[in-house]
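Please read the structure below before turning to the comments.
Counting starts at 1 for both ligands and their atoms, in listed order. Values in this document were obtained by computation on a predicted structure and should not be read as measured data. Counting begins at 1 with the first residue of the sequence.
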Amino acid sequence: MSISQEYIACGEKNLLHTYNRSPIVFEKGDGVYLYDAEGKKYLDFAAGIAVFALGYNNKEYNDALKAQIDKLIHTSNLYYNIPAIEAAKELNSIAGMDRVFFTNSGTEAIEGALKSALKYAYTKAPADDYEIIAMEHSFHGRSMGALSVTGNSHYREAFGKGIGHIKFAEYNDFESVKALVNEKTCGIIMETVQGEGGIYPAEKEFLEKVRKLCDEKDILLILDEIQCGMGRTGFMFAYEKYGIKPDIMTAAKALGCGVPVGAFAMTERVAEKSLVPGDHGSTYGGNPLAGAAIVEVLRQFRERNIVQHVKDLTPYFEKKLEELASKHECIKETRGAGFMRAVELDRPVGDIIKKAQEKGLIVISAGANILRLVPPLVIEKEHIDEMAEILDSLI
Ligand SMILES: Cc1ncc(COP(=O)(O)O)c(C=O)c1O
């Protein structure tokens, strides 16, 4: 038995079986490559599901974390800590928000965003039946609140009614949203680019109309930027491209680049009528280590001009995938935004993902027939070529 096989057997015995994992045990990473326990090298076009934007074994990031570990890892939110305050100031500034709450995951950021919207409505007029509109085919997480707004009934079916008072509209169909709005609607939540649902960017007109509707009726627009935010689409946050701003936004994944962090942030107008002491909290959320990770990630984004790099390389990425599609009839469509791309086939992609792994390429799916490419944001042309060559040889 290889080292990997031994660990896989032990993992299968001890871990709760909530994932059908690929039979790979990753041991280390360097740049845009991962290495398994036997030393096999893989080009990573998944980035830990859109997390490791700045590449693995990033010395400055590692050093910043090590320095913070030696200083202070945790104190609780009963006190102030410098990294979290610096992270809050910077995140608010780049997201166009005024107040942020740090969480430990994207799911928790969604929970906070939902609670913020409900509390905003409650402050205006106390009631226990406010409604939130979410989108079909969306994904927002697996806790009961986040699951309740996730538009995949298969994920929800075993878990009862969820938090209740949630209605689902069709993404990119304004009339379907408008039809669900009533005097009880307090929030509309959606991903700016649907990720798990198959990589579908919001259409400009749709988002503009939803924004306008929210303004007219004082409904809070919550944009989930957990996957599509942090430079992935060639904008720091995907909504920038649309020239609109949400009332509440969520971020996670690449915000910590490997340290588990998330955030929900809101404008002052919302904060004034929303969560107050006693309404929300977290033991770990925004602790000094998490704060230091965010500060360092944002520093590198700034200094390395990461967003511009994504913008510059996007046409090349698109072109390579289009070339692939023109060669292979089984590819129905390629689409996406920036470094968040889908290759949709006319058949399940499980076999391609497996064969790609054998050839040293990590890609993931977004639905049965869709390959999802969400590489580290620091990839170069040569990595796109390498990915395209491997996919070309297998499709
Ligand atoms: C758009 C979106 N929202 C929320 C989540 C949940 O985030 P997490 O897995 O960090 O809890 C995800 C995770 O994939 C996501 O893609």
Side-chain angles (χ1 to χ4, degrees), residues 16 18-19 21 45-53 95 101-117 132 134-152 154-156 159 162-163 166 168 171-172 187-202 207 221-233 235 237-239 246 248-265 282 284-286 290 293-294 297 336-342 363-367 370 372-375 377:
L16 192 65
T18 55
Y19 283 94
R21 293 180 163 85
F45 263 63
I49 322 185
V51 169
F52 235 105
F101 183 102
F102 290 117
T103 65
N104 310 290
S105 67
T107 300
E108 284 171 74
I110 296 294
E111 292 294 328
L114 297 176
K115 281 179 73 177
S116 301
I132 289 173
M135 300 296 138
E136 295 287 358
H137 310 294
S138 62
F139 183 82
H140 298 290
R142 308 284 194 149
S143 62
M144 290 308 286
L147 188 62
S148 300
V149 291
T150 286
N152 180 335
H154 173 67
Y155 289 164
R156 294 196 311 266
F159 304 104
I163 62 171
I166 308 293
F168 287 96
Y171 194 61
N172 281 333
I188 299 178
I189 183 168
M190 68 178 86
E191 297 151 86
T192 321
V193 179
Q194 284 197 335
E196 295 277 328
I199 317 283
Y200 291 99
L207 212 47
L221 175 61
I222 305 169
L223 289 182
D224 180 345
E225 291 265 337
I226 288 165
Q227 188 165 159
C228 64
M230 292 299 295
R232 183 146 295 279
T233 66
F235 294 83
F237 292 103
Y239 52 78
I248 303 174
M249 62 84 71
T250 58
K253 291 192 184 273
L255 181 64
C257 270
V259 170
V261 302
F264 61 96
S282 166
Y284 276 135
I294 299 170
V297 166
F339 286 8
M340 186 171 179
R341 310 222 68 90
V363 286
I364 51 180
S365 63
I370 299 166
R372 174 170 30 161
L373 305 173
V374 283
L377 303 185

Looking at Arg232 and Glu225, is any side-chain nitrogen of the basic one under 4.0 Å from a carboxylate oxygen of the acidic one? no
Mark yes or no for whether Tyr239, through its side chain, and Leu207, through its backbone, hold a donor-acceptor pair below 3.5 Å. no
Around atom CZ of Phe168, are there more than 12 heavy atoms from other residues, nucleotides or ligands closer than 6.0 Å? yes
Atoms of ligand 1 less than 4.0 Å from Glu191 heavy atoms? 1 (C)
Between Asn172 (side chain only) and Pro201 (backbone N and O only), is there a donor and an acceptor less than 3.5 Å apart? yes
When the ring planes of Phe264 and Phe101 are compared, do they come out parallel, tilted or perpendicular, using 30° and 60° as the limits? parallel
Donor-acceptor check, side chain of Glu191 to backbone of Ile199, threshold 3.5 angstrom: yes or no? no
Is there a nitrogen or oxygen of Gly141 sitting under 3.5 Å from a nitrogen or oxygen of ligand 1? no
Under 3.5 Å, is there a donor-acceptor pair between the side chain of Thr192 and the main chain of Ala238? no
When you look for heavy atoms under 4.0 Å from ligand 1, do you find them on the side chain of Asp224, its backbone, both, or neither? side chain
Find all atoms of ligand 1 within a distance of less than 4.0 Å from any non-hydrogen atom belonging to Gln227, and give their numbers and elements. 16 (O)
Against heavy atoms of Ser105, which atoms of ligand 1 measure under 4.0 Å? 10 (O), 11 (O)
Which residue and non-hydrogen atom of the protein lie closest to atom 4 (C) of ligand 1, and at what distance in Å? His140 O, 3.2 Å
The answer for which part of Lys253 has a heavy atom under 4.0 Å from ligand 1 is side chain
Proximity winner for atom 11 (O) of ligand 1, if only heavy atoms of Thr250, Thr107, Ile49 are counted: Thr107
among protein heavy atoms, the one nearest atom 10 (O) of ligand 1 is Gly106 N, 2.9 Å
